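A short write-up of the structure that comes next.
Being a predicted model, the structure only gives us computed values, none of them experimental. Convention: sequence-line order gives letters A, B, ...; per-chain numbering from 1.
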Amino acid sequence: MQLLPLAEAIATHVRDGQSVALEGFTHLIPFAAGHEIIRQRRRGLHLIRMTPDILYDQMVGMGCASQLTFSWAGNPGVGSLHRVRDAVEHDWPGPLTLHEFTHAQMAVAYQAGASAMPCAIMRAHAPTDLALLPHPATRQLTCPFSGVALEAVPALNPDVTILHAQQIDAEGNILIRGIVGAAKEAAMAARCLLVTVEEQVERFDAGMNAVVLPAWVVSCASVVPGGAHPSYAHGYYPRDNAFCQAWDDIARERESFLGWMRRHVQGSRDHADLLRSLGVAA
Amino acid sequence: MQLLPLAEAIATHVRDGQSVALEGFTHLIPFAAGHEIIRQRRRGLHLIRMTPDILYDQMVGMGCASQLTFSWAGNPGVGSLHRVRDAVEHDWPGPLTLHEFTHAQMAVAYQAGASAMPCAIMRAHAPTDLALLPHPATRQLTCPFSGVALEAVPALNPDVTILHAQQIDAEGNILIRGIVGAAKEAAMAARCLLVTVEEQVERFDAGMNAVVLPAWVVSCASVVPGGAHPSYAHGYYPRDNAFCQAWDDIARERESFLGWMRRHVQGSRDHADLLRSLGVAA
Amino acid sequence: MSAAPWSGDEIMTVTAARQLADGAVCFVGIGLPSAACNLARQTHAPRLVLIYESGTVGTRPRVLPLSIGDGELAQTATCVVPLPEVFAHYLQRGRIDVGFLGAAQIDRFGNLNSTVIGDYERPRVRLPGAGGAPEIAAHARQVLIVMKQSPRSFVPRLDFRTSVGYLTGAGSRRAAGCPGGGPRAVITDFGILRPHPETEELQLAALYPGVSVAAARAATAWPLQVAAQVEMLAGPEPHELEVLRALDAHTRQAHARPVRIAVPHSGPSPRGLS
Amino acid sequence: MSAAPWSGDEIMTVTAARQLADGAVCFVGIGLPSAACNLARQTHAPRLVLIYESGTVGTRPRVLPLSIGDGELAQTATCVVPLPEVFAHYLQRGRIDVGFLGAAQIDRFGNLNSTVIGDYERPRVRLPGAGGAPEIAAHARQVLIVMKQSPRSFVPRLDFRTSVGYLTGAGSRRAAGCPGGGPRAVITDFGILRPHPETEELQLAALYPGVSVAAARAATAWPLQVAAQVEMLAGPEPHELEVLRALDAHTRQAHARPVRIAVPHSGPSPRGLS
């Protein structure tokens, strides 16, 4: 485990054309890391995430991605991702190939990746048009004991998984508290695991059964206070729901989107600078 | 969720001929519940557990079981289970049919059961004689994407799973702390879930990510202090390693075994009484 | 309905809440379903168990969440489990009594589209996609659908079938191996549609005060069947409206609260090896 | 060896400990492997990562556990994960550098039997069974086997193949699709056997002070091959013996400590509904 400033961590570990999962389920979304990827102008990424939201809207709108693997793309409780829609509907700023799953499918796909399985299985249910997509990703299988119809889903093994977490301890272990989504599975499935954290502590104040990633499964970590804003870090700051609502207007038009990104992301040296520019820094 | 005295819980929910998993991985083994099953003279049980140890030695030796599904049967750090050996080697007190797996296979089998899957898959590795057993339980399968050889393991869904845990709260939720083994999976896989606990509290003093079984997945619970002895309950009492070592001599001969069981298990009204008879009660 | 002392959303929410029996285990989506479940919990069904797909089990939010994973949901939960467990141990295992769904389009058999309007490859409107809906639709013991009724959304033919209702009706869902019971009610801003017991085609089963059969039919782009007996639903009770509006008010307040994050003023980030 | 200032167990433990490079991730079994790993951690390999199959990851016991799941292992761990995760996310995922195994029987290709002696259906000795061994044998990057050498245990033909070593040698293990590297060393009370680079048959590669090739051969029921160069192993250093004996002493003390449990004197158990 290497502890590096975020810009160096991204420069060292994220390359054009890789598959990159910035995971997080509403909670602990690694916004700072995604913004740094935008600043460093990565291209042709295959973005992976169960719930692409504002961060992927920004990354897609800024032209970082050519593919998206996902199960639900929206601004939770608000509405559409206008930039993702623009990419899908009008190829702006470029075409975006979609690999579309359900939540349950992505969950088992990450689990399979985390377990070095080539695929996962789940119960097959009545046919939906997801099975008719141009790149149908699931296949039918039969239980060799019961004859029950099963569905096989290919494993997800991102080149890089990026998470945000609350703490790193003196040994480099990572603590996640609260809603974890599929973060652990995405972490264990990755070829390279980057983590940003709110703070470094000597020792965690957490029980034995806490969600901890051992230092030696982490490739690189960076201390980035506020690194999940406008999502949240339980115990540190709440979700910026007002910002999430405001994003709908910002992202609706290409012009206003680009203006906002130039001013706040590209115009900021780092995440602290960005939070100051948003008036969020205390 | 019903809160009942243990004797009533067992009388109500455990029937002759059922498949019963008293799970626990060295930690939190539901000894009190097992002893109550012995007192109530259940017969023909299909016992299930990854690591049958002293408790299953006692239950097999007392004639409760006709089948055993397991992956490792021994007295950890001490040696053989003499009563299980006697059943397998000499049909005493009756024949015992074995269904034998590896730890990894049982773990995924419980996971499958907990997920309503008819089977689980894992990577196939080089052939062992486990595949040649009289009742070979695993089947070969091929990954429909990669062609990789996989092994299918049938799901485990015990009629009854019995766990010991630290606490029950005012709503009937169950808290497990420390080593969990496959307890959660065995619980979720069960048709009926019985739990014994060290104590009832108003509210758990535990984090959001603690291992908790919601009241509504539990069929019945009983408050049984010391219910895991001679195994342990983290935060309450340690493993009685001296007893585990002494068991080797007690269980070696049929005579000494039956004498001990008569005196301490059948001769005790309940678990508190048993602990007193062992000189363990404080 | 414009003269009524409640909004369309309010009567839909109250009507949805009334469908929930105390003690039921609900898989809750964000928005109106979340409001309905929490209204029910604070009125007639205090022991309702709410599971959000973020992994919060048995949650009791005091403030309605904006997202499925707000901190409030974790803070007030019996436990927070990893997301794969929610879908495997709870939903697929058949432990969910009621699943809530909404969509952009519904057909006469309660099949739903939340993927695209128009052609998949070059859609007119790209919608969020499947999320947890296909498995909720398949596995929940019963599904409640909440959608505003209009000819654009109640369509003869879906542009994309994301989640199954009764497929083509007449037992075809069960024959296809779906373990759950399918949509038992579609709650709209006109009333409630329920499946015909044999054909499984949705038919108008209940209406709100002051709403006509003709209006409900006009808002449906297929020839809407009408049940032999159309129930007249009572409007929201003052108590229900009060609780619901208080929930909404708390939520608006909470969501408007500015977020402040302590950020170090300068200095290099720590670095090192472990 | 009776004249040596150490026991057979001690020199085996010290020799096993010396095989472990600092920082390696070890899947540890109970007994001698656990002693060896903790000896290594307290001497030359302070950053050794110990994983016990009970789910304790990165544990640092001060007292050697009697069982694989003693409280001490959980208390001192980086984290405690559910058992299915240990086997899936760590072992099957290929994150284990060194797996330790023992058995009742071993053959010349390092295949192991821990299931039965005699016929499976009516065994002479029923052994504990597979446990985690087959997957450790298959997936760990390398396997260290620790077994006392005798003609009863080092046999030409296993009564039951529980875990694979090199199968029938000469690349057959790799051909069968085993991802891990197989047994790199068999540490006995005579010395070390290692696989021949081509045939993969175990050959005598090292001996303890004062042990002869002839003695090692006499303790092996197949014609034991001998490496071109047989290394002479150094005996335990005083420092190593001191640490090991201190560990053992703490452990004996801890395990003899009587357990006392507070039990209510009488009164009915609580009952109720929730």
Most heavy-atom pairs under 4.5 Å with chain C, out of A:Ser80, A:Cys244, A:Ala242, A:Pro127, belong to A:Pro127
Can you tell me which portion of A:Phe243 sits under 4.5 Å from chain C's heavy atoms? Options are side chain, backbone, both or neither. neither
Once you round to the nearest 0.5 Å, how far does OG of C:Ser67 lie from CZ of A:Phe25? 8.5 Å
Looking at side-chain heavy atoms only, is the closest gap between A:His27 and C:Ser54 below 4.5 Å? no
Please answer whether the main-chain N or O of C:Arg126 pairs with a side-chain N or O of A:Glu89 as donor and acceptor at a distance below 3.5 Å. yes
Could you tell me which portion of C:Gln75 (side chain, backbone, both or neither) has an atom closer than 4.5 angstrom to a non-hydrogen atom of chain A? both
Which residue out of C:Ala130, C:Gly129, C:Ala176, C:Gly131 racks up the most heavy-atom pairs below 4.5 Å with chain A? C:Gly131
Can you confirm whether C:Arg271 sits close enough to A:Gln2 that some side-chain heavy atom of one is under 4.5 Å from a side-chain heavy atom of the other? no
Heavy-atom proximity to chain A below 4.5 Å, by part of C:Arg124: backbone
Heavy-atom distances under 4.5 Å only: say whether A:Gln200 touches chain C with side chain, backbone, both or neither. side chain
Check C:Glu135 with A:Arg123, please: is the shortest side-chain N to carboxylate O separation under 4.0 Å? no
Distance-only, no hydrogens or angles: does the A:Asp129 side chain make a donor-acceptor pair with backbone N or O of C:Arg161 under 3.5 Å? yes
Let me confirm one number: the OG1-CG distance from C:Thr115 to A:Leu130, rounded to the nearest 0.5 Å. 5.5 Å
Most heavy-atom pairs under 4.5 angstrom with chain A, which of C:Pro123, C:Cys178, C:Ser34? C:Pro123
Structural part of A:Leu4 lying under 4.5 Å from a heavy atom of chain C: both
Between chain A and each of C:Pro82, C:Pro128, C:Ala133, count heavy-atom pairs under 4.5 Å; write down the option with the most. C:Pro128
Between A:His103 and C:Glu53: side-chain donor-acceptor atoms closer than 3.5 Å: yes
pair A:Asn241-C:Asp70: side-chain heavy atoms closer than 4.5 Å: yes
When heavy-atom pairs shorter than 4.5 Å are enumerated against chain C, which of A:Val78, A:Asp91, A:Val224, A:Val211 gives the highest number? A:Asp91
Sub-3.5 Å donor-acceptor pair from the side chain of C:Tyr120 to the main-chain atoms of A:Leu133, do we have one? no
So which of C:Gly132, C:Ala137, C:Ala175, C:Ser163 has the biggest tally of heavy-atom pairs under 4.5 Å with chain A? C:Gly132
Select one option (side chain, backbone, both, neither) describing which atoms of C:Phe160 are under 4.5 Å from chain A's heavy atoms. both
Let me confirm one number: the NE2-CG distance from C:His255 to A:Asp240, rounded to the nearest 0.5 Å. 11.0 Å
Given 3.5 Å as the limit, does a donor-acceptor pair link the side chain of C:Arg260 with the main chain of A:Gly279, or not? yes
Quick check for you: to the nearest 0.5 Å, what is the distance between C:Leu83 atom CG and A:Tyr110 atom OH? 10.5 Å
Which bit of C:Leu167 comes within less than 4.5 Å of chain A, counting heavy atoms only: side chain, backbone, both or neither? side chain
Whatever's closer than 4.5 Å to a heavy atom in chain A on C:Val116 counts as neither
Option in A:Pro76, A:Ala104, A:Gly74 with maximal non-hydrogen atom pairs under 4.5 Å from chain C: A:Ala104
Quick one, C:Pro84 and A:Val108 - any side-chain contact, counting heavy atoms below 4.5 Å? no
C:Pro134 versus chain A, the contacting section by heavy-atom distance below 4.5 Å: both
Does some side-chain heavy atom of C:Ile261 sit less than 4.5 Å from a side-chain heavy atom of A:His271? no
Most heavy-atom pairs under 4.5 Å with chain C, out of A:Val180, A:Thr102, A:Asn75, A:Asp273, belong to A:Thr102
Name the member of C:Gly177, C:Gly55, C:Ala262 that forms the most heavy-atom pairs with chain A at distances under 4.5 Å. C:Ala262
Could you walk me through whether C:Val164 and A:His125 pass the side chain to side chain contact (heavy atoms under 4.5 Å, CB included) check? CA-CA 9 Å; C:Val164 298; A:His125 42 73; 5.7 Å; no
Heavy atoms under 4.5 Å from chain C: which residues of residues 50-57 of chain A carry them? A:Met50
If you tally heavy-atom pairs under 4.5 Å between each of C:Val80, C:Leu66, C:Thr162, C:Leu127 and chain A, the highest tally belongs to C:Leu66
Hey, is the main chain of C:Gly69 close enough, under 3.5 Å, to the side chain of A:Arg239 for a donor-acceptor pair? no
